[in-house]
Amino acid sequence: MTRNDEFGAYLLKLRRNTRLSLRDVEMETDNAISNGYLSLIETGRRPPPQPAVLVRLARLYNVPSAEMLQRAGYLEGPSDSDIDVAFQQVLADGNFKFGTRAYGDLTVDAKRTIVELYEQATNKILLPPREDAD
Amino acid sequence: MDPARWRVSLVPGATEVENFAATFLDSRQAGPRISNRELAESLRKTYDLGPFPKLPELTALCESLEIAVSRRRLSRSMEACNVWTQPGRPEVYLDEDLRGVRVETTLAHELREVIENAFARVCPEYLARPTNHPDMNAESDRFASYLLMEEQRTHGVLERAGFSAIICADQVSRSLSSVIYRMQQMYSAGSDLSCPVWTMGLFELEERGMTLNHQVSLGGFSVAKGSLRGLNEVVPRRRTVAETRPFLSHAIRSASPVSREVPLFQLWDQQCAVEIAEPIIRNGLVTSLLHTFVDGSKAGEVAPWLQQIERLKTARSA
């Protein structure tokens, strides 16, 4: 399976989870991506689209933008210390309250999830995207 | 003059959960703790919630309170998360892999945390517990237990089931551990309700064997305090492995419930306990074991339970 195939299958799964048709996606993204082109990407016959389009798709499919950009090969994941610093910033924001049902202490992965939810709720970016090393 | 009242204030555009929080606090005297029981019953009454609310009712309740609920892939160690940005409405995210009765418990748990933040918003003098602190998890679990199993109705189901936690869990579609936990709340020392069960322990399958991970004492009995002579010597302690006890081992090997009378040493009175071990079988495998001690002088109250055990034993041996 090529990288395009993998990414296509990932996008197709997300679209099916949200029960949207190809045309729905075209409409919901204000024609940022045509239904025909999306179909080609989903079947691995085209590479992932530009980051700006992916960010819109991520919002539509309710997944973190960073996750989609990583899957598309645009980003590498933030380091543990990046996540810790970002999480401390979330804790310091008195206007943002959160709670979790988690087992034991929060893992780095759990902290990252909270930071992503914070970014989504506040439109702030705490985990700056880094260029892919590839 | 009434100095001990909460002083609540609502900002324009407050959400329904803030309105509810303000109404709840406004009708109560200020104090260091909010009663989870009162809170759950107030919600049940205000939003016409049934005695054993299921997911559609809980989701509708969240909608009424203007709390957005959605599914999302969360961290592996996280079942759910609630967030609230000011200004804005609260949101609850449930992990997309969360299934079964756990969804209901988890949603009720998250609801308690959202309400805690709502209390802080409408009443500056309310000392809110940080909802991101592990201590809040126990508080939210307690609330969930109250909300999901109304006291009088649960007691009624238990009475008819001969106080069998397994039968009750089946009848009200709740997990066994949540019924055990609720029984501990309902039949704590000083409760108006009575229960013939002294202790319940849940053994769970681990690498080392069937291990006692959860244990509750009811009706004022305490293993730790040694409140009943004779019984303390036979009740296993946490982390005991069931296979080391012949009676429990027999229940596991036969995959069938067993019961027996255990005489207790008493100086002034003849007393006994009824000991019951019930293996719980999933996909043909004994995955856990419920171990109970009942007050022998009240065996009549557990008759429906013991009859059910006899029926199961007959069915298994056939």
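Per chain, numbering begins at 1; letters A, B, ... match sequence-line order. Predicted, not measured: the structure shown is a model, and the values here were computed from it.
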Are any of the side-chain heavy atoms of [X] and [Y] separated by less than 4.5 Å?
{"X": "A/F96", "Y": "B/V83", "result": "yes"}
{"X": "A/I114", "Y": "B/M78", "result": "yes"}
{"X": "A/T113", "Y": "B/C81", "result": "no"}
{"X": "B/T105", "Y": "A/R101", "result": "yes"}

Inspect the surroundings of [atom1] in [X] and state if more than 12 heavy atoms from other residues, nucleotides or ligands are less than 6.0 Å away.
{"X": "B/R7", "atom1": "CZ", "answer": "no"}
{"X": "B/R37", "atom1": "CZ", "answer": "no"}
{"X": "B/R73", "atom1": "CZ", "answer": "no"}
{"X": "B/K54", "atom1": "NZ", "answer": "yes"}
{"X": "A/R59", "atom1": "CZ", "answer": "no"}
{"X": "A/R23", "atom1": "CZ", "answer": "no"}
{"X": "A/R19", "atom1": "CZ", "answer": "no"}

Side chain, backbone, both or neither: which part of B/N82 has a heavy atom under 4.5 Å from chain A?
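Interface part for B/N82: both.
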Under 4.5 Å from any heavy atom of chain A - which part of B/D141:
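Contact with chain A: side chain only.
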Between A/T100 and B/E113 the two heavy atoms that sit nearest each other are N-OE1, 3.5 Å
Which atom of A/K97 lies closest to which atom of B/N117, heavy atoms considered
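Taking every non-hydrogen atom into account, CB-ND2, 3.4 Å.
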Among B/V92, B/D95, B/T106, who wins on heavy-atom pairs under 4.5 Å with chain A?
B/T106
Rounded to the nearest 0.5 Å, how far does CD of A/E116 lie from CZ of B/R72?
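Output value for this atom pair is 6.5 Å.
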